[in-house]
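These notes are about the structure you will find just below.
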Amino acid sequence: MDIRYWNSEIETIDKKDLKNYQLENLKETIYWALKTPFYKERLASVEITSPDDIKTLSDLKKIPYTTKDDLRRVYPYNHLAVPKEDVVRLHASSGTTGAITVIYHTQRDIDRWTELAARAVTMVGCTNKDVFQNMMSYGLFTGGLGLHYGAEKAGLTVIPISAGNTKRQFKFMKDFQTTFVHATPSYLLHISSIMQEEGYKLSDFNLKKALGGAEPHSEDMRKKIESLFNIDVYNNYGLSEMNGPCVATECLYKDDMHVWEDSFYLEIINPDTLEEAPEGEEGELVFTTLRRQATPLLRYRTRDLSSINPAPCKCGRTHRRIARIKGRSDDMLIINGVNVFPAQIEEIIMKMPEVGTNYLIVVDKAGALDKITVKTEVGPNTFSDDARDLNALRERIKQNIKDAVLISPAVELHEQGKLPVQEGKAKRVIDNRKT
Ligand code: AMP
Ligand code: ZN
C-alpha cells in the first residue's frame, strides 16, 4: 500500500476559512495563555482577561512581543498552562548566559507536531516505500524526535540513527538502502567528502532526497549537496520555541517554504522599529502558536530574518511561503546546527581567574563543517608557566565551554595585551563564513 499523509482539507484551505480557523484557535490559545502566571499578568496589562476579548485576528497586535529573555525569566514553570501531570515531554535549549529555556508538550501537542512533520515528509514526496535515516541528534534538541514520529505517522521506515558516527551512517545507508535522510546541510557536505575515503560509491546507495535544516544555508550549498549525492534537498525550518522542525518546509517546487499557518500565526516585523513590515519585505519572523496547549507563545520574536512570499504555489497548498532564512537580528551563532550565544562563552571565560578579560571568537569553515576558535588572553604569571600548564588550561577552557554549550572549540592562549584592543563597542566575534 502506498500510504500518503495528505491532509488536503487543511493544506489547501481557502484564505477565508483559514482566517476563521486561526481566530478560533487564537482564542483557545489565549485561554491556555491565561492559565500561565506569565501571560495572565502580561495580558492583563493590555486588558485581555478572557478569550472573548479577542474579537478579530488584529486584536493580537495589542499583545506585546515575547522574547527569548522572557522565556529565561519564566523558567521553570511560569509559562506552563496545564497541570504538570498533563505534560508528556519537554525540550530545552540553552539560552544566553547559561539560562535554560524550556517548552512543554501535552500528548495533544505532540500529536499535532507529529502531524506537521507527517505533512512535511509527505510534501517532499515520501511514502511508506521510503527508508528514512534520521541523522539529526535525538535528545533535548528537537531535530531528531521532531521528525521521527511524523515520519512514522506517514508510514516511512524510520532508522533513528541520530547524528555523528559517519562510518555507521554509510553502512546503514548501504545495507538498508536508505532513500531519505534528515540532516544539517553542513553534515551532508561533510559526509560526502569522506564517502570515497571510506571506499563507498554513490551506486552503493539508493538515496533520493534529504530534508536539510537547523542552520542557515545558501541556495548554492543546496545545489552542491544535490549534485554530490545526486538527490533532491528540501529546506526545512523550525525552532524549539515553535516545537522544532517543520514550522515551514519546501514543497516539491523548492521555491520558498510553506509555513503551516493553521498552527503558527505568522507576522514579519522590522527588528529596529518593531513595526509590521509590508508583505514581501524582509524582516524578523514573529510567530504565535495556534494549536498548542502546554506552552502557548504569543508573538514570539524568532530573530530570524526572512520575507513572506504571498503568491499561490503550484503545489496547491494555500499556506503562505517564507524565503530561505537570510540571517539573524541578534548575535546568535549556529555552529554545525548548535546554537551558541557569544555571551555564553564570555561568561565561562570570565569565571576563570587565570584568564584575562580580552577575548575573541573566530568562526571559520574547516572543510564542510564549522570550526570555532576561542582566543583569550592570560595573565603574565600564567603565561610564563611551562607548556604543560598552558595545555592543561587550554583543555580546561575547552571542557568548560563544551559542558555549557555543547561545542568543542579550539582554544588559543595569548599573552596579555596581544589580542587586538577594541575601541568603542568591542567586536568579539569574527564570522569568516559570511565572507
Ligand atoms: P533550535 O531552537 O535549537 O532548534 O534552533 C532554531 C534556530 O535554528 C532558528 O531560530 C534558526 O535560526 C535556525 N534554523 C533552523 N532551521 C533553519 C533553516 N532551515 N534555515 C536557516 N536557519 C535555520
Ligand atoms: Zn508548494
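Atoms within each ligand, like the ligands themselves, are counted from 1 in listed order.
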With atoms numbered from 1 as shown, which atoms in ligand 1 lie under 4.0 angstrom from a non-hydrogen atom of [X]?
{"X": "Asn339", "answer": "1 (P), 2 (O), 3 (O), 5 (O), 6 (C)"}
{"X": "Leu239", "answer": "2 (O), 4 (O), 6 (C), 10 (O)"}
{"X": "Asn235", "answer": "18 (C), 19 (N)"}
{"X": "Arg328", "answer": "10 (O), 12 (O)"}
{"X": "Ile334", "answer": "8 (O), 12 (O), 13 (C)"}
{"X": "Ser240", "answer": "1 (P), 2 (O), 4 (O)"}

Just jot down the ring-ring contact (aromatic ring centres under 6.0 Å, His included) partners of His319, sequence neighbours excluded, or say none.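 Residues passing ring-ring contact (aromatic ring centres under 6.0 Å, His included) with His319: Trp260.
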Under the ring-ring contact (aromatic ring centres under 6.0 Å, His included) rule, collect the residues that match up with His217, sequence neighbours excluded.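 Once residues adjacent in sequence are excluded, His217 has no partner under the ring-ring contact (aromatic ring centres under 6.0 Å, His included) criterion.
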Please work out whether the ring planes of His105 and His91 are parallel, tilted or perpendicular, with thresholds of 30° and 60°.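 Ring orientation of His105 relative to His91: perpendicular.
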Would you check the N or O atoms of Asn236, main chain and side chain alike, for any that come under 3.5 Å of an N or O of ligand 1?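 Yes; at least one N/O pair falls below 3.5 Å.
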What protein heavy atom sits nearest [atom], and how far away is it?
{"atom": "atom 10 (O) of ligand 1", "value": "Asp304 OD2, 2.6 Å"}
{"atom": "atom 16 (N) of ligand 1", "value": "Ala214 N, 3.1 Å"}
{"atom": "atom 20 (N) of ligand 1", "value": "Glu215 O, 3.2 Å"}

Are Gly244 and ligand 1 in contact, using a heavy-atom cut-off of under 4.0 Å?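 The answer is no, since Gly244 has no heavy atom less than 4.0 Å from ligand 1.
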Out of curiosity, is Ser93 lining ligand 1, as in a heavy atom under 4.0 Å away?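 Ser93: no contact with ligand 1 (<4.0 Å).
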Check whether any side-chain heavy atom of Leu71 sits under 4.5 Å from a side-chain heavy atom of Thr67, and report yes or no.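 No, too far: nothing below the 4.5 Å cut-off.
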Would you kindly check if the NZ (Lys) or CZ (Arg) of Arg428 is within the cone defined by 45 degrees around the ring axis of Tyr359 and under 6.0 Å from the six-membered ring centre?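 The answer is yes, since Arg428 meets both limits relative to Tyr359.
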When you check the gap from the basic side-chain N to the acidic O, do [X] and [Y] get nearer than 4.0 Å?
{"X": "Glu28", "Y": "Arg291", "value": "no"}
{"X": "Asp111", "Y": "Arg108", "value": "no"}
{"X": "Glu226", "Y": "Lys254", "value": "yes"}

At a cut-off of 2.8 Å, what protein N/O/S atoms sit near the Zn ion (ligand 2)?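 You should have found Cys251 SG, His258 NE2, Cys313 SG, Cys315 SG.
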Aromatic ring proximity Tyr200/Phe205, centre distance under 6.0 Å: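 They qualify: ring centres under 6.0 Å apart.
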Quick test of your reading of the structure: of Gly238, Gly337, Gly327, whose heavy atom lies closest to atom 7 (C) of ligand 1?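 Result: the heavy atom closest to atom 7 (C) of ligand 1 is in Gly238.
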Between Thr179 and Asp130, does any side-chain donor sit less than 3.5 Å from a side-chain acceptor?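 Judged by distance alone, the side chains do pair up.
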Residue from Asn134, Asn128, Val121 passing side-chain contact (heavy atoms from CB on, under 4.5 Å) with Leu156: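 The single option meeting the side-chain contact (heavy atoms from CB on, under 4.5 Å) with Leu156 is Val121.
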Under 3.5 Å, side-chain donor or acceptor atoms of residues 38-46 against the rest of the protein: list the pairs with distances, not counting sequence neighbours.
from: Tyr39; atom 1: OH; to: Thr66; atom 2: OG1; distance (Å): 2.6
from: Tyr39; atom 1: OH; to: Leu298; atom 2: N; distance (Å): 2.9
from: Arg42; atom 1: NH1; to: Tyr65; atom 2: O; distance (Å): 2.9
from: Arg42; atom 1: NH1; to: Asp70; atom 2: OD2; distance (Å): 3.1
from: Arg42; atom 1: NH2; to: Asp70; atom 2: OD1; distance (Å): 3.2
from: Ser45; atom 1: OG; to: Arg42; atom 2: O; distance (Å): 2.5

